[in-house]
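To start, the structure itself, in structure tokens.
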Amino acid sequence: MLTMGAVRAHRVRIRRQTFTPTRKTTMNTTASTRQAADHGGAVRAWADLPGPRPLPLVGNALQVQVDQVHIDLERWAKQYGPVFKIRLGPVPVLVLRDHETINDVMRDRPEGFRRPAKLDEIVREMGLHPGVFNAEGDMWYAQRRMVMAAFSPSHVRAYFPPLLGVAQRLAARWHKAAAARQVIDLQADLMRFTVDAIAGLAFGAETNTLESDGDIIQRHLDKIFPAFYRRMNAFAPYWRWFKLPQDRDLDRSLREVVKAIDDFILQARERMRRDPTRLVQPHNLLEAMIAAADQPDSGVTDADVAGNVITMLLAGEDTTANTLAWAIHLLHRHPVALSKAQEEARRVVGPSLADLDMDKLAQLHYLEAVCHETMRLKPVAPFRVVEALKDTVVADVAIAKNTMVWCVSRHDALSDSYFQNAEDFSPDRWLDSDAAHAASAKRVSTPFGAGPRVCPGRYLALVEMKLALATVLSQFNLDTVDTPDGREAREHMSFTMTPMGLTLKLSSIPT
């Protein structure tokens with residue numbers, strides 16, 4: 001339950017002001033007009049901000065583990081407060097933990113802040129093109145309109161029958177595993193499910209990775225996000241001069257993914273040639289992008305189309321699959337919540353998936369609460385990093401153009417100041433009848449981001465998650481959900497936050 005009495009006496013906001021920053025003394029600050037007045041107009045200097053002591057040359061880079069960096073930053077956020085500084089090599093970074101300030105930063109995109117320019121550089125260097133995730137400026141506006149239309153609730157509802165078919169294939173795969181008492185690689189199978197779902201909805205393509213053990217596209221996609229993350233955090237771009245085995249393996253996977261994308265586009269163009277009405281009423285995201293790209297002065301090119309295909313495949317696979325894996329792990333660890341989720345799934349869905357539809361899916365309130373609680377505790381993006389596009393003021397700190405701002409977005413979601421017993425897994429907190437509490441909770445826990453660049457696929461993601469949970473809980477008993485050491489799943493940061501090594505054993509419910 002959100003603790004409403006913890007609302008601050010005043011809210012820290014962004015405020016732009018004209019100033020001439022100098023690195024030595026003038027990275028200084030105001031908070032809001034009211035706060036500046038409280039301090040007599042005085043502001044703090046960058047040098048006076050708290051933070052861990054940097055080492056020469058490397059700064060604080062050696063004080064964090066790359067695959068656990070979110071935990072290290074959350075620890076520092078508790079130690080140094082809502083606004084502090086770090087240095088990663090030569091790069092100064094402002095770190096925020098307050099959800100209101102973070103949300104203000106998120107709302108100031110794309111005009112005030114952007115994703116780090118290095119991300120776009122690495123994407124292009126890998127031979128890929130920007131999609132809506134890392135597009136900026138006018139390019140982002142043009143692509144955003146197309147993507148939002150494609151992922152509208154009405155579009156997702158119309159797509160539900162084939163989406164249900166993907167869930168039925170997942171159930172069939174797991175019934176075979178249950179009969180053979182096989183151990184299931186949980187994340188790998190869930191990624192097959194999400195790849196099949198997003199490929200069908202966004203591209204009208206039948207990938208069917210769930211019924212294939214061959215050289216499937218999912219195996220190649222799985223290598224791209226970790227490569228982004230490694231290269232974003234590398235001290236030097238060594239791959240430009242020599243390539244390690246993992247880099248050569250990545251190149252092979254990129255070639256396979258690009259070939260698959262070209263095939264998706266060719267198939268879509270052929271469908272549109274045979275049925276010209278699709279030019280006016282596209283059936284999926286890819287057809288909508290092609291139709292837009294073919295319009296005079298559209299501002300959308302074939303490269304933009306290809307960039308959004310890879311964006312949707314990557315984002316649609318990794319984030320939803322990881323959240324589902326965390327949810328199944330947490331449910332197994334909490335028998336009372338598991339029992340409630342099973343009762344609801346079996347009552348609403350029944351013994352067969354065949355009659356499940358969007359109306360029944362909407363009745364799965366507890367399963368939706370499980371999704372929200374999982375994303376509060378285990379968000380796939382526990383932090384966000386943006387880059388200032390101009391001189392600006394964040395909280396009470398004036399920062400120069402190109403300054404990195406690191407948003408520790410999970411901090412407040414795990415704080416007892418905002419949620420009772422915040423560390424506990426309690427889906428019931430999302431079933432509160434008080435709409436104000438629920439709305440406030442969603443401002444604190446923002447797994448899909450905030451502001452204009454909030455995730456356009458959030459509605460589809462919730463539908464996919466509820467459908468997958470309804471499938472497993474209505475058809476199976478969770479016998480074991482194991483980790484390599486038998487403890488809580490380890491959080492591994494690799495562009496998204498992943499549970500390490502989860503395996504699953506199921507038994508089918510007798511019909």
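What's counted below: heavy atoms across the whole structure, side chains too, no hydrogens, waters or symmetry copies. Along the sequence shown, residues are numbered consecutively beginning with 1.
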Under 3.5 Å: donor-acceptor pair, side chain of [X], backbone of [Y]:
X: T403; Y: A400; value: yes
X: R97; Y: A77; value: yes
X: T471; Y: L467; value: yes
X: D98; Y: P82; value: no
X: D424; Y: S426; value: no
X: T483; Y: R487; value: yes
X: S415; Y: S417; value: yes
X: R346; Y: E343; value: no
X: D412; Y: H99; value: yes
X: N402; Y: L389; value: no

#### Entry: Criterion salt bridge (charged side-chain N to carboxylate O under 4.0 Å, His left out) on K78 and E74, from CA distance to verdict
CA-CA 6 Å; K78 290 180 180 178; E74 287 171 354; over 6 Å; no
Tell me the closest heavy-atom pair linking [X] and [Y], and the distance in Å.
X: L431; Y: A369; value: CD2-CB, 3.9 Å
X: A413; Y: F419; value: O-CD1, 3.5 Å
X: A327; Y: L469; value: CB-CD2, 4.3 Å
X: F476; Y: A171; value: CZ-O, 3.5 Å

Check whether any side-chain heavy atom of [X] lies under 4.5 Å from a side-chain heavy atom of [Y], and answer yes or no.
X: V386; Y: R114; answer: no
X: V66; Y: M493; answer: no
X: Y80; Y: V95; answer: no
X: R109; Y: R115; answer: yes
X: Q68; Y: V64; answer: no

Charged N-O contact under 4.0 Å between [X] and [Y]:
X: R157; Y: D357; result: no
X: D72; Y: R75; result: yes
X: D67; Y: R490; result: yes

#### Entry: With N322, the side chain to side chain donor-acceptor pair (under 3.5 Å) member among H492, K378, Q187
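Among H492, K378, Q187, the one meeting side chain to side chain donor-acceptor pair (under 3.5 Å) with N322 is Q187.
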### Task
Applying salt bridge (charged side-chain N to carboxylate O under 4.0 Å, His left out), run through D196 and R192 and close with a yes or a no.
CA-CA 6 Å; D196 285 358; R192 290 170 184 260; over 6 Å; no
If I take atom [atom1] from residue [X] and atom [atom2] from residue [Y], how far apart are they, to the nearest 0.5 angstrom?
X: H329; Y: F425; atom1: NE2; atom2: CZ; answer: 10.0 Å
X: M126; Y: I224; atom1: CE; atom2: CD1; answer: 6.0 Å
X: F113; Y: K390; atom1: CZ; atom2: NZ; answer: 9.5 Å
X: L94; Y: L49; atom1: CG; atom2: CG; answer: 7.0 Å
X: L361; Y: L462; atom1: CG; atom2: CG; answer: 10.0 Å
X: I122; Y: Y229; atom1: CD1; atom2: OH; answer: 12.0 Å

### Task
Kindly indicate, with the supporting measurements, whether the criterion side chain to side chain contact (heavy atoms under 4.5 Å, CB included) is fulfilled by L96 and F84.
CA-CA 7 Å; L96 310 173; F84 62 100; over 6 Å; no
### Query
Side chains of Q63 and N60: donor-acceptor distance under 3.5 Å anywhere?
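Indeed, the side chains of Q63 and N60 share at least one donor-acceptor pair under 3.5 Å.
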### Query
Side chains of D482 and T503: donor-acceptor distance under 3.5 Å anywhere?
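No, no side-chain donor-acceptor pair sits under 3.5 Å.
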### Task
Please name all residues satisfying salt bridge (charged side-chain N to carboxylate O under 4.0 Å, His left out) with D428, sequence neighbours left out, ordered by chain then number.
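For D428, the residues satisfying salt bridge (charged side-chain N to carboxylate O under 4.0 Å, His left out) (neighbours in sequence not counted) are K340.
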### Query
Considering the options V370, I328, L478, which one meets the side chain to side chain contact (heavy atoms under 4.5 Å, CB included) requirement together with L338?
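Only match with L338 under side chain to side chain contact (heavy atoms under 4.5 Å, CB included): L478.
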### Candidate pair R376 and E373, rule salt bridge (charged side-chain N to carboxylate O under 4.0 Å, His left out), full reasoning
CA-CA 5 Å; R376 181 183 71 84; E373 183 70 346; 2.8 Å; yes
### Where at least one partner belongs to residues 357-386, residue pairs that pass ring-ring contact (aromatic ring centres under 6.0 Å, His included), sequence neighbours excluded
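Every pair satisfying ring-ring contact (aromatic ring centres under 6.0 Å, His included) with a residue in residues 357-386: H372-W430, F383-W406.
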